[in-house]
Amino acid sequence: MIRRLLQVDFMKMKRKGFWFLTFLGPFGVVALQMVNYGLRKDYLLQQSEDNWGHYLGNITVFTPLALVLGIVILTSFIASVENETNAWKQLLALPVSKLSVYLSKFTVLAGLLFVSSILLAVFTLSFGIFLNLGEQIPWIELLKDSFYPFFAGLPVLALHLWIATVSTNQGIPITVGVLGTILTYSSYVLPDWVIWKWPSLNNGWNEPVINVWLGIGIGLLLYIGGMLDFARRDVK
Amino acid sequence: MNYMVETKGLSKRFGNETAVKNLELKIPKGEVYGFLGPNGAGKTTTIRMLLGLMKPTSGSIHIFNQDLTKEKISILKKVGSLVENPSYYPHLTAYENLEALRKILGVPKKRIYEVLETVRLTDVAHKKVKGYSLGMKQRLVIAASLLNEPQLLILDEPTNGLDPSGIIEIRDLIKRLPSEYGMTVLISSHLLSEIDQIATSVGIISRGKMIFQDTIETMREHAQIKISLKSSNSHRAYQSLLTKGKQVDYKDGLIYLDDQSDEDVAEVVNSLVHDGFSIYRVEEEKRSLEDIFLQMTSKEDVK
């Protein structure tokens with residue numbers, strides 16, 4: 001059943017610009033560095049011995065922001081597909097469990113964001129090679145910088161999906177989204193427990209992988225909580 | 001008796017407000033059950049509970065003799081539904097809309113073409129629903145409700161937004177369903193005239209309570225016949241009848257007879273003619289179901 005629901009959810013995304021956004025996020029992040037390196041490549045290359053490391057560092061400044069923005073926009077998009085003519089009532093009067101409907105939506109979103117992460121790795125690598133940053137490509141760092149934020153951002157995704165599916169007023173998810181984006185932007189000054197800080201991979205232990213495990217663990221908890229609440233509620 | 005749908009003590013409260021109260025819905029197999037009530041009487045709430053979209057505050061729902069809370073998915077496989085305003089995905093075509101539902105229902109692809117043909121949308125099947133008229137959208141969701149060849153079809157105000165020819169078309173379609181496909185149909189409406197022409201059973205709900213539930217024939221029996229009489233100098237005629245001990249009423253220049261046997265009517269006419277009044281008209285006035293409906297629901301309001 002979940003396979004069929006996924007097919008249906010992908011079908012409903014047609015002509016809605018989901019794939020374009022999935023592409024736009026990682027492209028935007030790298031495009032900013034295209035501008036940056038395009039304008040002052042020589043200066044930037046002087047900054048550090050480790051050109052690749054410096055370049056990856058520049059990329060990761062914007063990754064969390066793009067990720068959180070992507071989560072906010074994609075979740076509200078996917079909810080709007082059902083909210084527009086209140087198709088929830090039609091969908092949930094079909095012989096499906098509410099739990100699998102919710103799981104399908106989450107899987108689609110996580111899938112799109114994962115594709116974004118892959119694209120981010122590809123774009124980062126391609127532009128890095130184009131810049132001729134050196135023979136020694138730091139593969140591990142590149143993959144970490146591309147995929148760690150995705151896992152660290154899962155709690156934000158779970159929270160947003162829940163808010164977007166249960167609010168009758170779509171102003172609420174948008175407000176939370178704007179606040180979340182601001183929090184992500186100011187993640188340096190936030191305490192470690194704020195989930196919007198996690199995609200930046202900063203923490204008191206200087207150990208990015210902690211954010212990944214926290215993201216998966218807390219993300220799972222928030223997902224289960226949201227799913228159970230969605231199932232418990234009367235359909236709009 | 002075996003009911004397709006049977007609720008016991010079904011109630012739903014929203015905060016302090018009771019939307020549905022102790023509803024005992026009984027729908028026999030093969031009937032077109034008209035579910036009537038004024039706006040806000042609790043029809044949609046009841047239907048949402050029947051489809052598992054809302055959880056009852058108390059009471060039980062059995063569909064196909066199965067408990068809805070325990071066997072929701074197996075029940076819903078055999079139910080088609082349309083709840084309130086049409087739901088669809090405007091950015092998809094009619095075909096894609098139906099395909100999205102078909103995949104979940106797991107019925108063969110040819111059903112899409114069959115139901116599109118049934119509601120006559122075949123020509124526009126590959127156009128985006130965004131550009132459809134309200135009537136076309138309504139027909140699309142009716143098509144969607146037929147996709148899985150349901151044994152029970154639940155339609156909430158299905159003729160909303162349709163033009164007269166569309167209404168007749170849908171009405172004819174609904175009438176055919178029980179005999180041709182063995183479906184049982186629950187159709188809700190606030191318009192009695194609509195139900196009157198298709199339903200075989202009716203339930204009337206007012207303020208969340210069922211105030212009448214029986215066959216439509218039984219309901220028609222409530223439609224009393226009245227004889228009205230117009231004569232010269234009606235008021236004098238009325239008084240002369242009263243003095244002769246006849247059971248009559250007078251209203252707006254017309255005399256109404258309470259006794260309605262042929263003999264009584266003849267006797268009254270005879271006595272008036274005898275007293276020199278000219279009789280212009282003797283008419284039979286049948287109270288329409290509409291009147292009964294209004295009377296039933298307004299009686300509830302007074303309480």
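Note that the structure is a prediction, hence the values are computed from the model and not measured. Each chain gets a letter, A, B and so on, in the order the sequences are listed, and its residues count up from 1.
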Taking atom CZ of B/Phe14 as the centre, does the number of heavy atoms from other residues, nucleotides or ligands within less than 6.0 Å exceed 12?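 Atom CZ in B/Phe14 is crowded, with more than 12 foreign heavy atoms closer than 6.0 Å.
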
Looking at A/Arg233, I'd like to know if its CZ atom is crowded, meaning that more than 12 non-hydrogen atoms belonging to other residues, nucleotides or ligands lie closer than 6.0 Å.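 Enclosed: over 12 neighbouring heavy atoms sit under 6.0 Å from CZ of A/Arg233.
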
Considering only heavy atoms, which portion of A/Met11 lies under 4.5 Å from any heavy atom of chain B: side chain, backbone, both, or neither?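 Looking at A/Met11, backbone and side chain both touch chain B.
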
Is the distance between the ring centroids of [Y] and [X] under 6.0 Å?
X        : Y        : answer
A/Phe114 : A/Phe147 : yes
A/Trp88  : A/Phe230 : yes
A/Phe10  : A/Phe18  : no

Would you mind checking which part of [X] comes under 4.5 Å of any heavy atom in chain A, side chain (CB onward), backbone (N, CA, C, O), both or neither?
X       : answer
B/Thr93 : both
B/Pro90 : side chain
B/Lys12 : side chain

For chain B, which candidate among A/Leu94, A/Leu91, A/Leu92 shows the most heavy-atom pairs at distances under 4.5 Å?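 So the answer, after comparing A/Leu94, A/Leu91, A/Leu92, is A/Leu94.
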
Interface residue of largest heavy-atom contact number with chain A, from [options], under 4.5 Å:
options                            : value
B/Lys78, B/Arg102, B/Lys77         : B/Lys77
B/Glu84, B/Glu99, B/His91          : B/His91
B/Ser87, B/Pro86, B/Gly80, B/Ser74 : B/Ser87
B/Leu101, B/Leu53, B/Ile73         : B/Leu53

A/Leu157 side chain reached by A/Leu109 side chain, heavy atoms, under 4.5 Å: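 Yes, at least one pair of side-chain atoms sits under 4.5 Å.
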
Determine, for B/Lys55 against A/Asp234, whether the closest basic-nitrogen to carboxylate-oxygen distance falls under 4.0 angstrom.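 Salt bridge absent between B/Lys55 and A/Asp234.
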
